[in-house]
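From a predicted model like this one, the values you see are computed outputs, not experimental measurements. No hydrogens, no waters, no symmetry mates; every other heavy atom, side chains included, goes into these values.
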4 protein chains.
Amino acid sequence: MDEVSTASGRPPRRRRKEARPAELIRAGLEEFALHGFAGTRLEDVARRAGVVKGTIYRYFTDKEALFLAAVRLEVAPVLSQITGFIDTYPGTTRDLLKLIIETVHRQLVNSDLRVLIRIIIAEGERFPALTELYYAETISKGRALLERVVERGIARGEIREGAAARLPLVLIAPALMAAIWRMTFDRHASISSEDFLAAHIDLVFHGVLTGDERDWSVTRAL
Amino acid sequence: MDEVSTASGRPPRRRRKEARPAELIRAGLEEFALHGFAGTRLEDVARRAGVVKGTIYRYFTDKEALFLAAVRLEVAPVLSQITGFIDTYPGTTRDLLKLIIETVHRQLVNSDLRVLIRIIIAEGERFPALTELYYAETISKGRALLERVVERGIARGEIREGAAARLPLVLIAPALMAAIWRMTFDRHASISSEDFLAAHIDLVFHGVLTGDERDWSVTRAL
Amino acid sequence: MDEVSTASGRPPRRRRKEARPAELIRAGLEEFALHGFAGTRLEDVARRAGVVKGTIYRYFTDKEALFLAAVRLEVAPVLSQITGFIDTYPGTTRDLLKLIIETVHRQLVNSDLRVLIRIIIAEGERFPALTELYYAETISKGRALLERVVERGIARGEIREGAAARLPLVLIAPALMAAIWRMTFDRHASISSEDFLAAHIDLVFHGVLTGDERDWSVTRAL
Amino acid sequence: MDEVSTASGRPPRRRRKEARPAELIRAGLEEFALHGFAGTRLEDVARRAGVVKGTIYRYFTDKEALFLAAVRLEVAPVLSQITGFIDTYPGTTRDLLKLIIETVHRQLVNSDLRVLIRIIIAEGERFPALTELYYAETISKGRALLERVVERGIARGEIREGAAARLPLVLIAPALMAAIWRMTFDRHASISSEDFLAAHIDLVFHGVLTGDERDWSVTRAL
DNA sequence: TATGAATGAGTCTTCATTCAT
DNA sequence: CATGAATGAAGACTCATTCAT
């Protein structure tokens, strides 16, 4: 289990003041995502981090403190990437949108961050402060970002005004579905990341109706 | 809280033995949705059902049995409605799709069933049998249903072939987002059901690009 | 251990809603007196009361609640006795004083109440509310009572004015000493209750000086 | 807090190795007196002494060793003073007694030693060796000392024979009461040291009865 | 020698489950 | 059948003690 071990068979104590909290947080995040707050045993978190239960209490006052620290740490890495190229993007809004959607799939859906979604959904009721934090730090910024993209698209005549444009959030709904699918039904019916991404982009770009079926007058009224 | 009450203020010992399990199941579903499996106390479930903790064990062997019973009971009412009109629908696929989306919003997003989604997401890892059950009973049928609609639309020239059509699941992704939003961020930033529904339909019908920006050759390659 | 037992060797569960709290309180008082608040294990309290640890929590929210309940229960039985005959006592103040001292020795020093003294002394710092309660309920009343006796004695010319009469508390100091001695050094150097009582009365009545040595002028100045 | 301090705000690593154990002992005594043996945290003792928890183990094998060392250290300074003048005292036994009582109040009741009393009372049951030590080192010597004084008084016709003279311990009972009062009820009802001392001396010298009420025949029979 | 991170045994507390009434 | 007191197995948390630095 350890690369270093003593003759007594028990791994030697390690002193890693700086590294510990981060290791514990990561271990905690994984356990919390798997079992929820109430269902997670600190013993398991400790084992996963390679320490003993009591050690956790050197760094966190209690289970909740660890939980909050874990969830908070993972805030906003996705957004920071996207925010970077949003304003200076030289190409079409179409391409920008595609880039954003791809980034979201790569950074959120297909990464460990996915578990954050589960935690927020599962524990939001018990930790309102958590959802608030998340809304303020991540979601609201993400919404603003999407709104800027849509505005830009409309201004440039690349994006159509309408109900969807008025709630740009829905533009990433398929990514949310992909993340959830991966955590739930994927083992029973696997869907590849590529298929999800392609369907996502296709839907967002064109919808599914053929040109003939489009009834703009009705739709616009929605 | 009860339609019947005595002068003593305490509800009378109820004699509707048949109703008991259903009451417990409903109470259980609500608590499980709120606090998750591990976080739910049977004491609370019992109180919510107006009985005493021990009574639960008359009807369910243990906590897990209640949990599974609760989750199972709520399966598939949405689908049964939809399945009804799917094959005989006389109108356009466009209108059928609209009808389906509206039904999903009404029956799933804006009803108590929404909590099921939370349970599946939160507890899926711990109860693989649950997700399996759900996949078999509901999701796979829903997928099949959507596929039939899409096939019909393609056959009638009303739905465009493409990546989205190949993964019809994404057509209801905005509804999933709406349900989750309602359970998490709605208290911080409320979004009306109507807006979500309108954006959903709009997106699914047309996507957000203007006609000029559509580059079919590229999209089709996805 | 139990007069009733099952074939399985484990004592049957007993349902004693009314008796339980009192049994737990008594058991708690004994353990707390022996080991202090921090040093007492609820496991031991439970065993002493013939139940299991968890049962305590049906009646008390936590260890502290049990502790406070235990200490509070034992308030003031001594005083109620004494207060009874104080005002109507027909004899001399000398005899009344003797009666009071004897009662205190019998009811406080030579009874289980002695342990209360230990608890108050040992835990007073940690539970200021406790000493306050005790002062209000018992000590202040005891002081008032002694003061009334002394006043009566002075009025009747039976008790001498002076520093001791101005602080009647000291009249029972030897009883306090006896109680403490019993709990500490008695095992190393036993002193009989009778000897303590006799010395107490003798001291309070006459002091130890002979008539010749009394220097009233000096003493009165104190 | 420290007479020496550095610019960094943290006290300099002290080099007075000899003083360390004494500082720890004093810190320990204070904490033990406040919270009892079980209730005392070595962390607090260490902080009070300005060191770190682990440092304690350089000087004491474990918590109990520190406790015993702390309690032992404070033994007998009172007695040594008194023993000094006891045999050579030139004045009356009355004055000698007064001197002794005043010394006890000054050295025991009104000094830090008072806390020792609390420790003995609180922890005596758990540390029989402690009470034994105390009895042997202090109490028995104190008793012997008081007995010598009384004998001297009787021999010189200054002290009256009787029950109190046969248990000279009671002559300092009021001092014990004063010490305990200071630690418990003083915050609720303060009594000055002077009042306690005066009442003590007055009681020991004369008792509280007037000459008329003295019934020597009865008292002597006690 | 002093530090303070890490350990692990011990205790409080919770709660699913059982069972006498 | 229903009740709710009692049980006992966890699990959170504390803290005396150890040990690498």
Side-chain angles (χ1 to χ4, degrees), chain A residues 6 10-21 38-46 49-66, chain B residues 13-15 17 20 38-46 50-66, chain C residues 6 10-20 38-46 49-64 66, chain D residues 13-15 17 20 38-46 50-66:
Chain A
T6 62
R10 160 179 357 196
R13 289 190 189 182
R14 311 223 218 110
R15 287 169 63 91
R16 318 218 258 135
K17 187 181 173 182
E18 291 77 30
R20 276 290 186 252
T40 291
R41 294 196 310 244
L42 289 186
E43 175 116 36
D44 292 340
V45 175
V51 297
V52 123
K53 194 167 36 161
T55 303
I56 295 176
Y57 289 87
R58 177 155 293 280
Y59 300 97
F60 304 96
T61 56
D62 58 10
K63 191 184 186 181
E64 187 168 332
L66 172 64
Chain B
R13 187 77 59 84
R14 322 222 199 122
R15 284 283 128 223
K17 283 173 243 175
R20 249 320 132 56
T40 290
R41 295 195 311 234
L42 289 188
E43 175 112 37
D44 292 339
V45 174
V51 298
V52 118
K53 194 166 39 160
T55 304
I56 295 177
Y57 288 85
R58 297 252 136 236
Y59 300 97
F60 304 95
T61 58
D62 58 9
K63 191 184 186 182
E64 188 168 331
L66 172 64
Chain C
T6 62
R10 161 181 353 197
R13 289 190 189 182
R14 311 225 219 110
R15 286 168 65 90
R16 317 219 258 135
K17 189 182 174 181
E18 291 77 32
R20 277 288 184 251
T40 291
R41 293 194 312 240
L42 289 186
E43 175 115 37
D44 292 340
V45 175
V51 298
V52 122
K53 197 167 33 161
T55 303
I56 295 177
Y57 288 86
R58 176 155 293 279
Y59 300 97
F60 304 95
T61 56
D62 57 10
K63 191 184 185 182
E64 188 169 330
L66 173 63
Chain D
R13 189 74 62 83
R14 321 221 201 123
R15 283 285 127 222
K17 282 173 243 174
R20 251 318 134 56
T40 291
R41 296 195 311 233
L42 289 187
E43 175 112 38
D44 292 339
V45 175
V51 298
V52 118
K53 194 166 40 160
T55 304
I56 294 177
Y57 288 84
R58 297 251 136 237
Y59 301 97
F60 305 95
T61 58
D62 58 10
K63 191 183 186 182
E64 188 168 331
L66 172 63

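- Between F:dA2 and B:T55, no contact under 4.0 Å exists linking OP1 or OP2 to a side-chain N or O.
- Within the 4.0 angstrom heavy-atom criterion, only backbone atoms of the sugar-phosphate kind lie near C:T40; the bases stay farther away.
- In this structure, A:I56 atom CD1 and E:dA5 atom P are separated by 16 Å, rounded to whole Å.
- Between B:K53 atom NZ and E:dT18 atom C1' there is a gap of 11 Å when expressed in whole angstrom units.
- To the nearest 0.5 Å, atoms NZ (D:K63) and OG1 (D:T40) are separated by 6.0 Å.
- In DNA chain E, stems built from 3 or more consecutive Watson-Crick or G-U wobble pairs, each with both distances under 3.5 Å, span E:2-21 with F:2-21.
- The side chain of D:V51 has E:dT3 as its nearest neighbour among F:dT17, E:dC15, E:dT3.
- Closest approach to the A:R41 side chain among E:dT13, E:dT1, F:dG11 is made by F:dG11 (side chain taken as heavy atoms from C-beta onward).
- Minimum interatomic distance between B:T61 and B:A65 (heavy atoms only, all atoms of both residues): OG1-CB, 3.5 Å.
- One finds a side-chain N or O of A:Y57 lying less than 4.0 angstrom from the OP1 or OP2 phosphate oxygen of F:dC13.
- Protein atom OH of C:Y59 is 17 Å distant from nucleotide atom C1' of E:dT13, rounded to whole Å.
- Counting to the nearest Å, the P atom of F:dA5 and the CZ atom of C:F60 are 14 Å from each other.
- Across the interface with DNA chain E, nearest-nucleotide mapping of C:E43 and D:G54 shows D:G54 to be the residue nearer the 5′ end.
- When all heavy atoms of D:V52 and D:A46 are compared, the pair lying nearest together is C-CB, 3.7 Å.
- Rounded to whole Å, the distance from CG on B:L42 to P on E:dT18 is 12 Å.
- D:R58 meets the salt bridge (Lys or Arg N to Asp or Glu O under 4.0 Å) test with no other residue; sequence neighbours excluded.
- A sub-4.0 Å separation between OP1 or OP2 of F:dA5 and a side-chain N or O of C:R58 is present.
- Remark: C:E43 engages C:K53 in a salt bridge (Lys or Arg N to Asp or Glu O under 4.0 Å) (not counting sequence neighbours).
- Minimum interatomic distance between A:Y59 and A:P21 (heavy atoms only, all atoms of both residues): CD2-CG, 3.6 Å.
- In this structure, the side chains of D:L42 and D:L66 come closer than 4.5 Å at one or more pairs of heavy atoms.
- A residue-by-residue look at C:E64 and B:K63 shows that C:E64 has its nearest nucleotide of DNA chain E further toward the 5' end.
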